[in-house]
2 protein chains.
Amino acid sequence: DKTRVGWWKNGYPEYFGKVINAVDFIAMDLFIDDQLIDLATLTTEDFYWELNMKNGVLTRSYTVTTPSNKVRLSFERFLSIVKNEAAYIRLTIEMLEGNGTVKVISKLDGNVQNEDSNYDEHFWNDIDHGVKEEIAYLTTKTIPNNFEIEQFTVTAGMRHYVDGKLYTPSYQEGTLAIEGSFTFDLNENETLLIDKEVLIFTSRDIPEAQQATHLFKEFNELNVHYPQAKEEQTAAWSKRWELADVVIEGDDEAQQGIRFNLFQLFSTYYGEDERLNIGPKGFTGEKYGGATYWDTEAYAVPLYLALAKPEVTKNLLKYRHNQLPQAIHNAQQQGLKGALYPMVTFTGVECHNEWEITFEEIHRNGAIAYAIYNYTNYTGDIDYLKNEGLEVLAEIARFWADRVHFSKRNNQYMIHGVTGPNEYENNINNNWYTNTIACWVLRYTRENYLKFKEESTAKISDDELAHWQEIAENMYFPVDEELGIFVQHDTFLDKDLKPVAELSASELPLNQHWSWDKILRSCFIKQADVLQGIYFFNDSFTKEEKQRNFDFYEPMTVHESSLSPSIHAILAAELGMEAKAVEMYQRTARLDLDNYNNDTEDGL
Amino acid sequence: DKTRVGWWKNGYPEYFGKVINAVDFIAMDLFIDDQLIDLATLTTEDFYWELNMKNGVLTRSYTVTTPSNKVRLSFERFLSIVKNEAAYIRLTIEMLEGNGTVKVISKLDGNVQNEDSNYDEHFWNDIDHGVKEEIAYLTTKTIPNNFEIEQFTVTAGMRHYVDGKLYTPSYQEGTLAIEGSFTFDLNENETLLIDKEVLIFTSRDIPEAQQATHLFKEFNELNVHYPQAKEEQTAAWSKRWELADVVIEGDDEAQQGIRFNLFQLFSTYYGEDERLNIGPKGFTGEKYGGATYWDTEAYAVPLYLALAKPEVTKNLLKYRHNQLPQAIHNAQQQGLKGALYPMVTFTGVECHNEWEITFEEIHRNGAIAYAIYNYTNYTGDIDYLKNEGLEVLAEIARFWADRVHFSKRNNQYMIHGVTGPNEYENNINNNWYTNTIACWVLRYTRENYLKFKEESTAKISDDELAHWQEIAENMYFPVDEELGIFVQHDTFLDKDLKPVAELSASELPLNQHWSWDKILRSCFIKQADVLQGIYFFNDSFTKEEKQRNFDFYEPMTVHESSLSPSIHAILAAELGMEAKAVEMYQRTARLDLDNYNNDTEDGL
């Protein structure tokens, strides 16, 4: 977005970033006897919709009755995980009763917008399009921007098979769009199969000038067509499931939930490319814009470590290591030393536009470090820790050492002006979680640097190490002796404290019913905050401490982040609170399936 | 602006508002022998620029030398305060040496933008334009918007006199623009006077359909031309100065400063229309967008009370009384009772887009109430207080009573999540100033309601009155016994406290050199905060209290708001700190003349 609304201040990001929508390559319009089949206006029967999580094939079928015939339409489609650049669509048309003319218009369409498009702005310019023999292609390039963000070019191509035979429809070309038109007369009980094969290349892999040539070469070599492609897809997914399947007996909903989450996550990212990362809702909806968040390190890494090969996680760590210069830039934008990993990014440069998040929700920097610890600990890959790992850790530690301040009145170090994992409070002082993870980073980096000093590519001076130790030893942590809890932040206990149970159902989710003012001032917690710290540093706390903090905070937690119930489920299980653990598991596993937070439409 | 960038939350305003730029009616392009006179590229001599504060006439003159002649050009212009809809411009062209052809193009131009225009958006649509005899006119209407903000229509007309005689130039009409072209041959020592008379009517006063007719009627009746208009203007200003002039002997700069400020303020607002208010920088620059802020009540009202007739202030109070329904709407947007006067507004509805200001800088609500007290106290207009005054006070008091919360731990009322007058901190708890003015409103409203209950148009229940009293009696105020000061807010003393004197000059003003992150976490104060409260409620504090707070806070204050040094000057004078009082006076009086905060270009 190229607008700057209102008041820009030093340290605010230059732009707010989102992934833009791809050229639409799945579009296939259908006409029966010249009547457009539009599900929004037509009545259909026997509507069936299936996502097969074993192979990632989505099926949608329904029966349409017109005055002169009755037709069953089935669409099957999948994005190949065998050949990443390929997509397959099969349309099956069965003339159940009567006769008729069926027309299909299959498209590549670059005229796309997203929900945030301002001033009806489009994303793509048409670079080239055309038809060569049976293949239609469209090359598009992102429109120029004012932020020195690299433009990129995408070439999409399509070809079609009818009843298993290569078929060239009548192609029509327009700016940013190309359409192939098929017309067939079908008699009662006849069935027609139209397969659409799509290949897409981007300038991330293939330079713009070579994309068209490359596309035709790849189509020539693409000898795997619909039925076989689907078989190979099933085999590839079954390899993933062998490593990853979680079986829950006796509760189909719980079973479906966990598989659904794994399927969505593996569909979004499976570690093939260290230049890529995981958007919190993948590309299933527009919220979070497909960008990289701390969700990757804090919530996805543990899962990939457990359920995929270590290389998957290692590529996630490399992504951050590659972006270390940009993280140093982000810290410099705030006038601070070291590296500040962004809250939201594509390139490594911060591109989220809320100050209370951008330069306050800095606990994320700790999660980047924690993922290095987690990976090393799980895989034993000490080599990574010694070099790339310590390079990243050193810069994060430098950031923390500069971001704390010394309070003369308290004779301790403090961290003011942060937003903790609980984003329902902003600009708080001495968030227990943030102070905890900051100290942990200082200690962990120092210890490992001292251990691997001679071999490490990182360089840290003795003065720095001494200063880090001094900060870690003299950090202030808000605690309440009487309640025996860690306090979320300095003034949390001054609030009007009451349990979520006292709210009426009509007020939930709070973020859809309360003003932001009321939310910020309330005691209600969006997601685990103190408990997130207890989860990360589990060994450092006694069972009693865990129980007291859980019992204090969980009743005030509305779990309006998908990142909340999972942590609570794990801690509840550890504390033997079985009912709570199951409730939290259900909520985490079926969050989008059951639309707990009334936001499934934003993405999964 | 019609974009919504990023994350909109419940309670955020629907739009960010600014006054748009008027049709440009001053433009007069000049050509000598077909060469455009462009000050950005030509070299000129004897450049002279004068603002005559006695009559509001701006004069600009300079000499241009071309290969074949030497010409002195003088522009004089003023906006009439005798006839509000009129503007006068006189262009004097003296051929000092040689001969030449002088061409003048005098325009009405609706193709204007401001510095915030997004996507090159324009503001005006052309409704009508034309020429009738000697008068050219242009009727424009604001483009439609998505926020149900009323569109408005403006008709501007111009006519010209050459050497005192009515003259019809050759007019050219285009969309949103109309130009009158004059060409004259001048010989050495000849002088030409071109007077431009402009009238402007808006749909605030004259409905769109009648504007053109009205314009011609008014031009017909406008029998006062340049020299006489200037005389009448001078006489009208001299009446204002009779009431208002402040004389400072022995210091020309100090004298110029105060007159400059009075002139700017009186030029912006002199109380003729209760539908209008005062933008903090008037219309001299684009910052603050010409909108209404609390600056009016807190800083302008005391001045108008002292230096103009009481009606001027009364109209400012009526403006807020008229907007009471919108203020109630603003509170409802936050889920709160009563009225929340906006931080920034044109219509009474909040239109500033930073949450930390919009629903946190709520102390402004106190200033609206304080202005009622101030006006009543100064003028003795008890009638106003009894009716309109108490209606406004009651709703403001209701807001405060709902906005506080009761902290069980402290057994006191608190106000969390505010921004005080010091906007270099946001989202703080228990800002001493805010808590102070909130309690004062509750008390003052209750006392006056009890006094005038029978006669008042306001209605307040006994329960409400009792509750207000209870809050006022049990409010928490942060104080530090050891230092003997009122504490700006709960955790202010935990900061790294140090004086501005320890900063290097290159860091000032902070808002241009530091990131917002560093500013928020620092101890440096933008403008009087605790001291603002001491200034307002001067009688409630001992001299020792005033001195201790002044000595504690002033050294940490950077005065990067034009609202800061004035308050400090007054308190320093009261405390007998003469040097500091003079320093602060200089800074407040000559802020824009001497560009103390490096922001004069934003407006005066």
Side-chain angles (χ1 to χ4, degrees), chain A residues 1-7 9-12 15-16 116 118-119 121 333-336 352-360 362 403 405-410 412 414-417 425-430 476 490-491 493-497 510-522, chain B residues 1-7 9-12 15-16 116 118-119 121 332-336 352-360 362 403 405-410 414-417 425-430 476 490-491 493-497 510-522:
Chain A
D1 190 289
K2 64 179 170 179
T3 57
R4 262 193 192 182
V5 180
W7 302 78
K9 299 184 178 115
N10 290 329
Y12 282 21
Y15 62 93
F16 175 64
D116 276 357
N118 280 320
Y119 291 74
E121 191 173 53
Q333 292 295 101
Q334 306 307 331
L336 291 167
H352 183 79
N353 67 331
E354 294 175 311
W355 64 267
E356 63 272 24
I357 303 294
T358 303
F359 57 71
E360 295 224 321
I362 52 175
R403 184 58 166 71
H405 77 272
F406 187 74
S407 170
K408 293 181 205 90
R409 186 164 72 149
N410 296 273
Q412 279 180 303
M414 292 188 161
I415 306 182
H416 271 191
E425 295 186 305
N426 294 139
N427 197 49
I428 55 177
N429 295 334
N430 294 310
Y476 163 82
D490 276 352
T491 58
L493 298 179
D494 287 342
K495 291 190 161 198
D496 181 12
L497 302 179
L510 290 183
N511 65 34
Q512 292 175 18
H513 296 93
W514 277 21
S515 73
W516 190 236
D517 171 50
K518 284 189 81 167
I519 290 177
L520 287 180
R521 291 187 291 115
S522 83
Chain B
D1 190 288
K2 63 179 171 179
T3 58
R4 261 193 194 183
V5 179
W7 303 77
K9 298 184 178 116
N10 290 330
Y12 282 21
Y15 62 94
F16 174 65
D116 276 358
N118 281 320
Y119 290 75
E121 191 173 51
Q332 283 168 347
Q333 291 296 100
Q334 307 306 332
L336 292 166
H352 184 80
N353 68 332
E354 294 175 310
W355 64 267
E356 64 272 23
I357 304 294
T358 302
F359 57 71
E360 297 222 319
I362 51 175
R403 184 58 167 70
H405 78 273
F406 187 72
S407 170
K408 294 183 205 85
R409 187 163 71 149
N410 295 273
M414 291 187 163
I415 305 181
H416 271 191
E425 296 187 305
N426 295 141
N427 197 49
I428 55 176
N429 295 334
N430 294 311
Y476 163 82
D490 275 353
T491 57
L493 298 179
D494 288 343
K495 292 192 160 195
D496 181 12
L497 303 178
L510 289 183
N511 65 34
Q512 292 176 19
H513 297 92
W514 276 21
S515 73
W516 191 235
D517 171 50
K518 284 189 81 167
I519 289 176
L520 288 179
R521 292 187 290 113
S522 83

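Chain letters run A, B, ... following the sequence lines, proteins first, then strands; residues in each count from 1. All values below come from the heavy atoms of this structure, side chains included, with hydrogens, waters and symmetry mates left out.
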Quiz item: Can you tell me how far the CG atom of B/Asn426 sits from the CG atom of A/Asn426, to the nearest 0.5 Å?
Solution: 10.5 Å
Practice problem: Between chain A and each of B/Arg409, B/His513, B/Met414, count heavy-atom pairs under 4.5 Å; write down the option with the most. | Solution: B/Arg409
Quiz item: Where does B/Asp496 contact chain A at under 4.5 Å (heavy atoms): side chain, backbone, both or neither?
Solution: both
Quiz item: If you take all heavy atoms of B/Leu520 and A/Trp355, which pair is closest and at what distance?
Solution: CD1-CZ3, 3.4 Å
Quiz item: Between CG of A/Asp494 and OH of B/Tyr476, what distance do you get to the nearest 0.5 Å?
Solution: 7.0 Å
Quiz item: Which answer fits B/His416, side chain, backbone, both or neither, if we ask what part of it has an atom under 4.5 Å from a heavy atom of chain A?
Solution: both
Practice problem: Heavy-atom distances under 4.5 Å only: say whether B/Leu493 touches chain A with side chain, backbone, both or neither. | Solution: both
Quiz item: What part of B/Asn429 gets closer than 4.5 Å to chain A, counting heavy atoms only: side chain, backbone, both or neither?
Solution: side chain
Quiz prompt | Verdict with reasoning, A/Thr491 to B/Asp490, per side chain to side chain donor-acceptor pair (under 3.5 Å) | solution = CA-CA 8 Å; A/Thr491 58; B/Asp490 275 353; 5.3 Å; no
Quiz item: For B/Asn511, is it the side chain, the backbone, both, or neither that has a heavy atom closer than 4.5 Å to a heavy atom of chain A?
Solution: backbone
Exercise. Only counting residues at least two apart or in another chain, list the ones meeting side chain to side chain contact (heavy atoms under 4.5 Å, CB included) with A/Asp517.
Key: A/Ser515, A/Arg521, B/Gln334, B/Leu336, B/Phe359, B/Arg403
Quiz item: What part of B/Gln333 lies closer than 4.5 angstrom to a heavy atom of chain A: side chain, backbone, both or neither?
Solution: backbone
Quiz item: Checking heavy atoms, do the side chain of A/Gln412, its backbone, both or neither come under 4.5 Å from chain B?
Solution: neither
Quiz item: For B/Glu360, is it the side chain, the backbone, both or neither that has a heavy atom under 4.5 Å from a heavy atom of chain A?
Solution: side chain
Quiz prompt | Atom pair CD/CD of B/Glu354 and A/Glu356 - distance to nearest 0.5 Å | solution = 10.0 Å
Exercise. With a 4.5 angstrom heavy-atom cut-off, could you sort out which part of A/Trp516 is near chain B: side chain, backbone, both or neither?
Key: both
